[in-house]
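Within every chain, numbering begins at 1; the chains are lettered A, B, ... in the order of the sequence lines, protein sequences first and strands thereafter.
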There are 4 protein chains.
Amino acid sequence: MARAVGVRRRPEPAGPDPGARERILTAAGELFAEHGFDATPTSRIAERAEVPKGLIHYYFRRKQDLLAALVERLPEEPVESERVVVRGDVAASLRLLVRELDTRTEASPLLSRLLWREADTHVAVRQALQRRFRVIVEQIRAVIEAALPPDPPGRDVDTAALLLARVVNHRHSVARHGEHDELDREIAFIARALQP
Amino acid sequence: MARAVGVRRRPEPAGPDPGARERILTAAGELFAEHGFDATPTSRIAERAEVPKGLIHYYFRRKQDLLAALVERLPEEPVESERVVVRGDVAASLRLLVRELDTRTEASPLLSRLLWREADTHVAVRQALQRRFRVIVEQIRAVIEAALPPDPPGRDVDTAALLLARVVNHRHSVARHGEHDELDREIAFIARALQP
Amino acid sequence: MARAVGVRRRPEPAGPDPGARERILTAAGELFAEHGFDATPTSRIAERAEVPKGLIHYYFRRKQDLLAALVERLPEEPVESERVVVRGDVAASLRLLVRELDTRTEASPLLSRLLWREADTHVAVRQALQRRFRVIVEQIRAVIEAALPPDPPGRDVDTAALLLARVVNHRHSVARHGEHDELDREIAFIARALQP
Amino acid sequence: MARAVGVRRRPEPAGPDPGARERILTAAGELFAEHGFDATPTSRIAERAEVPKGLIHYYFRRKQDLLAALVERLPEEPVESERVVVRGDVAASLRLLVRELDTRTEASPLLSRLLWREADTHVAVRQALQRRFRVIVEQIRAVIEAALPPDPPGRDVDTAALLLARVVNHRHSVARHGEHDELDREIAFIARALQP
DNA sequence: AATGAATGAGACTTCATTCAT
DNA sequence: AATGAATGAAGTCTCATTCAT
């Protein structure tokens, strides 16, 4: 029970700690999002993840690798169009799709903003985000076409998709989230333009 | 906290250097834009501005103040609507307006992106940018209304303005500039929706 | 706020250096005492302690903590009265006690003066020193009472103790040490006053 | 009335400012006393004295010279013994003398402490203070002798004087002022010892 | 005589990263 | 496999001091 005074004890390895890697990434994501990448010392990440500082560099040789790993974690697989399409009602379909996209991002809205913030200086991040942007444009286009009434006149679906993608992305990157009214009005506007 | 006791050697100031403040701001803007705020040491700013390091802190007590000063420099006065309105042609009017807005930002496209990047962590920057965003929305709305044919049915001008403002802002903040085709197509799309 | 982007070269730590902490404290004590707290850069401490500058901040987050640690090191346990009491001879007893107190302080006379110097601006230091002063008053009182002839008339032992404590403290804080004649004369004076 | 925009105006010398030197010294004394010599930038002194920073270095080439000048200002001329002597009552006499000495120092008790604090590192200060200490010892001795009953047995007046001087000085240098009871008891103790 | 602009030395501190264990 | 100790590079900022005017 007592501990000999003066004897330096090795801190006893404490055994394997599964989930440590995961905790590190979570902590890093939160802190980066909150204070920025540069302003977050690895030591603070270690604290929040409750791991020794050394372990971070054991899993991620450099701090930058944390960012890369964070990007990997972003859900990449597209929303299955069928799940959100309301045949004949473009506005409703898009609303559903956007809710779905939001949900994925909302998992960590700050993280999304963070990544866009770092995109300019970190190539890997930028590329991943641009890829994701293109996927979203494509998805919107698909949903619009699936929801549109069968006889397709010459509407500019491509532009509508890009437009909405920008709106969505704008919210996820720099604008403040939350105002769903505005978003819905924008969707309605675009939908109306597609079916006269 | 203190200075070592002893006699200082050669401060040797070289007399007033007008334009130094300006050079510092320019250098700071460029470097911040290129590498980010945190990753730019004041020493490098001094180098590029060709001033002694101390002068930077003489003009701007802390590094943050450089950011603030950079924001001040953004042109705030709105575009005079009359200059860009083409009566009866909403699309043309908006194209002109957007070109004008671009020009102002393009003065330092990187700077604009930088500021949006830092908005999350620097309150003053964020507020200034949000204010600017609102001004732009308002301007777009004004132009649309001035360009619209005289008999006004119940179109959603507000939403159209917000939509376009988002597109513009998206380009200035996170998207890559330059693809004017897409932008023009988006403008056309919105304009068409406004006059059936 | 940040670190320039780029790869660091050669940290190359050299393994545990036991005694480093101690060497740092010793060096700090000496230098502070010699030139003052503010006028001693941590870099000079590092030099004298023969440790890299970083190590100082590894052990003591801020420079102030060095002062605090220095105070901790002061011997706190009181002199055992019995060791110095010469029954019936107050002057002799006090001389012995003062010699003992001196010895403890003389271990680092400059350090003592330093601490009193910094007491005004560093609360922790001030409190520690005030505590020590009170202990000394108490000790002196105890010794006087133990040494006093058995039939105790109404002498003002308290005041005598305070008086001597002040003399001792005066020597340790601002006066120059060393002149034992004067001290002995003062002790004799006080002792005489106590036994007419 | 209007001022041409953009024209740089010399700030107009504002005419001679007698008392500026005095104000600088006062401000310096206060600030040094409050925060310490090293921790007080000349800029802050300038602020409080309401003079341009340059003026300080115009009057006092180096910061140290401010300390020296502060020492000069200390009242040096001794208290006239006759004013405080109560013939036949040593205690009363000493009480009066000490009150008088206090008054002089109390003019700026913090300043007194400051000077003792800096005495170790600034030779000029140290010498001035030591000189003053000797003057005080001498004064006390004179007062004792003047107050003592005419038939002088072999009392140790010198030691009594030194003792009291130490008490006084201890209060002025490191101890907290204010407790006059203790001081009076100490004076009484010493006085009693002088006249059995 | 007075002053604001300017300067450079250097102080403290933070931190990513490495190595021995 | 894991970790605490250790390092050194660099960053921000302060400030006494000087000079031109």
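Between the CG atom of D:Asp65 and the P atom of F:dT18 there is a distance of 11 Å, rounded to whole Å. Taking atom NE2 of B:His57 as the reference point, atom P of F:dC13 lies 6 Å away to the nearest angstrom. Protein atom CG of A:Leu55 is 16 Å distant from nucleotide atom P of E:dT18, rounded to whole Å. Rounded to a whole Å, the OH atom of B:Tyr59 is 9 Å from the P atom of E:dT7. Residue B:Glu50 contributes atom CD, which lies 13 Å from atom P of E:dT7 at whole-angstrom precision. Atom CZ in A:Phe37 sits roughly 13 Å away from atom P in E:dC15 (whole-Å rounding). Rounded to whole angstrom, the span from the CD1 atom of B:Ile45 across to the P atom of F:dG11 amounts to 11 Å. Between the C1' atom of E:dC12 and the CG atom of C:Leu66 lies a distance of 12 Å, rounded to the nearest Å.
Residue contacts for D:Phe60: at a heavy-atom cut-off of 4.0 Å it reaches no nucleic acid atom on any strand shown.
Close to E:dC15, at under 4.0 Å from its OP1 or OP2, lies no side-chain N or O of A:Ser43. Checking the phosphate oxygens (OP1, OP2) of E:dA16, a side-chain nitrogen or oxygen of A:Lys63 falls inside 4.0 Å. Phosphate contact (OP1/OP2 of E:dC12, side-chain N/O of C:Arg61, threshold under 4.0 Å): absent. Listed pair A:Tyr58 / F:dA1 meets the phosphate criterion, a side-chain N or O lying under 4.0 Å from OP1 or OP2. Dashed line: the shortest gap from a side-chain N or O of C:Arg62 to OP1 or OP2 of E:dT14 is under 4.0 Å. Using a 4.0 Å cut-off, no side-chain N or O of D:Thr42 falls inside it from OP1 or OP2 of F:dC15.
Side-chain proximity of B:Pro41 to the nucleotides E:dA16, E:dG4, F:dT12 is greatest for F:dT12.
D:Leu25 and D:Ala69 get closest at one heavy-atom pair: CD2-CB, 3.7 Å. Annotation for C:Thr42 and C:Lys63: closest pair CG2-CG, 3.9 Å, computed over non-hydrogen atoms. Here the closest non-hydrogen pair linking B:Leu111 and B:Gly29 is CD1-CA, 4.4 Å.
For A:Arg44, the CZ atom counts as loosely surrounded, since its 6.0 Å shell holds 12 or fewer non-hydrogen atoms of other residues, nucleotides or ligands. A 6.0 Å sphere centred on CD of D:Gln130 holds more than 12 heavy atoms belonging to other residues, nucleotides or ligands. Under a cut-off of 6.0 angstrom, the local environment of CD in C:Glu34 is crowded, with over 12 non-hydrogen atoms contributed by other residues, nucleotides or ligands.
Two residues are said to be in side-chain contact when any heavy atoms from C-beta on lie closer than 4.5 Å; D:Ile56 and D:Leu66 meet this criterion.
Residues C:Thr40 and B:Val51 both approach DNA chain E. Their nearest nucleotides, taken by heavy-atom distance, put B:Val51 toward the 5′ side.
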Dot-bracket, 5' to 3', for DNA chain F please: Watson-Crick or G-U pairs under 3.5 Å, [ ] where pairs cross earlier ones, | where the partner sits on another strand, dots elsewhere. .||||||||||||||||||||
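A:Gln127 meets the side chain to side chain donor-acceptor pair (under 3.5 Å) test with no other residue; sequence neighbours excluded.
At a cut-off of 3.5 angstrom, the base of E:dG10 holds at least one donor-acceptor pair with the side chain of B:Lys53.
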